[in-house]
Amino acid sequence: MELSMILKPGAVRVLSAVSSKKRLMHELGGIAESVYGVDHSAAVEALQERESLGPTGVGHGVALPHARIDGLAEVVGALVLLETPIDFDSVDRQPVDLAFALFAPRDAGVEHLKALALVSRTLRDPSVCAKLRSNTNPATLYTIVTEAQAAQAA
C-alpha cells in the first residue's frame with residue numbers, strides 16, 4: 001500500500017480558519033465529500049464518534065483522525081496543514097497543526113489498519129513534518145508526504 005493510493009492531490013489543503021477540533025472535523029468531512037463523494041454528515045459523525053473513544057492526537061503536533069463509513073469502497077485520506085495550531089487533546093498535550101484523516105469502509109478490516117500504520121509511520125518522521133510545516137502549497141505537501149513514504153519503503 002502506498003499513500004498515493006489513498007490520498008488524492010485534491011484532498012490536501014492548507015486551512016487558515018480552523019479554531020477547534022469540531023471545526024476541523026467539519027472541514028475534513030467537507031474534503032471527504034468534495035474529493036471522494038462521502039456524505040459530509042456521515043463523515044463528520046463517524047470522525048466524532050471515533051474521537052469520543054479516545055483522542056487521535058498522537059503527539060508532536062500530529063493528529064490521525066479516522067473513521068469507518070458505510071458505502072465507502074476503499075480507504076481514502078485527507079491531509080491538512082493548519083496555519084494556526086489547535087487544541088486536540090493530544091497525548092502530549094501539544095496543539096495540532098498537521099492532521100491526516102482516514103475514511104475506511106465499515107468492513108475494511110486489515111486494510112484500514114495498514115493505512116493507519118502507513119500514515120503513522122510517515123508522520124512520525126520529524127524531517128517529513130518539518131518539510132510539511134515549511135510549505136503552504138497543497139501540491140508540494142502532497143509530493144512531500146507521498147515521496148517520503150516511498151523513500152521509507154526503499
Side-chain angles (χ1 to χ4, degrees), residues 1-36 38 40 42-69 75-104 108 111-153:
M1 178 180 288
E2 296 179 20
L3 280 177
S4 59
M5 295 168 52
I6 59 174
L7 180 67
K8 287 186 178 179
V12 179
R13 309 268 171 89
V14 177
L15 303 176
S16 58
V18 174
S19 57
S20 68
K21 183 194 279 193
K22 184 177 181 180
R23 186 73 222 143
L24 175 59
M25 298 300 183
H26 279 275
E27 292 289 340
L28 292 168
I31 295 169
E33 181 177 53
S34 67
V35 178
Y36 303 111
V38 175
H40 179 268
V44 173
E45 187 177 311
L47 286 170
Q48 289 177 331
E49 186 177 299
R50 167 55 190 89
E51 202 66 25
S52 71
L53 300 175
T56 56
V58 296
H60 305 286
V62 176
L64 303 177
H66 52 281
R68 295 177 186 261
I69 300 175
V75 178
V76 296
L79 172 66
V80 297
L81 171 65
L82 303 175
E83 288 183 356
T84 304
I86 61 168
D87 179 37
F88 206 86
D89 301 318
S90 297
V91 294
D92 63 358
R93 297 199 166 110
Q94 297 300 309
V96 162
D97 64 348
L98 284 171
F100 196 121
L102 285 173
F103 301 93
E111 287 304 308
H112 180 204
L113 297 176
K114 283 182 180 178
L116 197 54
L118 174 62
V119 171
S120 176
R121 220 174 14 258
T122 303
L123 293 181
R124 257 198 318 254
D125 183 333
S127 67
V128 171
C129 290
K131 288 177 191 171
L132 290 170
R133 289 179 173 119
S134 66
N135 285 280
T136 56
N137 180 307
T140 303
L141 298 175
Y142 177 83
T143 300
I144 290 167
V145 77
T146 55
E147 287 183 358
Q149 183 261 319
Q152 288 176 348

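Please read these numbers as outputs of a predicted model, since none were measured by experiment.
For Lys131, there are no salt bridge (Lys or Arg N to Asp or Glu O under 4.0 Å) partners, not counting sequence neighbours. Applying the side chain to side chain contact (heavy atoms under 4.5 Å, CB included) rule to Pro85 yields the partners Pro95, Asp97; only residues at least two apart in sequence or on another chain are considered. For Glu27, the side-chain hydrogen bond (donor to acceptor under 3.5 Å, both in side chains) test picks out Arg23, with sequence neighbours left out. The side chain to side chain contact (heavy atoms under 4.5 Å, CB included) check on Ala115 picks up Met1, Ile6, Val75, Leu102, with sequence neighbours excluded. Asp87 pairs by the salt bridge (Lys or Arg N to Asp or Glu O under 4.0 Å) definition with nothing, not counting sequence neighbours. Residues satisfying the side-chain hydrogen bond (donor to acceptor under 3.5 Å, both in side chains) criterion with Ser120, sequence neighbours excluded, are Arg124. In terms of the side chain to side chain contact (heavy atoms under 4.5 Å, CB included) criterion, residue partners of Ala11 (sequence neighbours excluded) are, by chain and number, Leu7, Ile31, Val35, Tyr36, Ala78. By the side-chain hydrogen bond (donor to acceptor under 3.5 Å, both in side chains) test, Ser20 is found to be paired with no residue, residues two or more places apart in sequence or in another chain being considered. With sequence neighbours left out, the side-chain hydrogen bond (donor to acceptor under 3.5 Å, both in side chains) criterion links Ser127 to Asp125. For Val96, the side chain to side chain contact (heavy atoms under 4.5 Å, CB included) partners at least two apart in sequence or on another chain are Ala63, Phe88, Ser90.
Residue pairs meeting the ring pair (Phe, Tyr, Trp, His ring centres under 6.0 Å) criterion with at least one member in residues 45-65, sequence neighbours excluded, do not occur. Legend: side chain to side chain donor-acceptor pair (under 3.5 Å) pairs involving residues 49-59, not counting sequence neighbours, sorted by first then second residue: Lys21-Glu51, Arg50-His66, Glu51-Thr56.
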Practice item. Could you walk me through whether Leu81 and Leu98 pass side chain to side chain contact (heavy atoms under 4.5 Å, CB included), step by step? Key: CA-CA 5 Å; Leu81 171 65; Leu98 284 171; 3.7 Å; yes
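Using a 4.5 Å heavy-atom cutoff, the side chains of Phe100 and Val62 are not in contact. Within the 4.5 Å cutoff, no side-chain heavy atoms of Glu2 are placed close to those of Thr146.
In this structure, Thr143 contributes its side chain and Ala139 its backbone to a donor-acceptor pair below 3.5 Å.
With Val14 as reference, Leu141 is the one residue of Leu141, Leu79, Asn137 to meet the side chain to side chain contact (heavy atoms under 4.5 Å, CB included) rule.
The two atoms that bring Ala43 and Ile69 nearest to each other are CA-CD1, 3.8 Å, heavy atoms only.
Other residues, nucleotides and ligands contribute only 12 or fewer heavy atoms inside 6.0 Å of the CD atom of Glu45.
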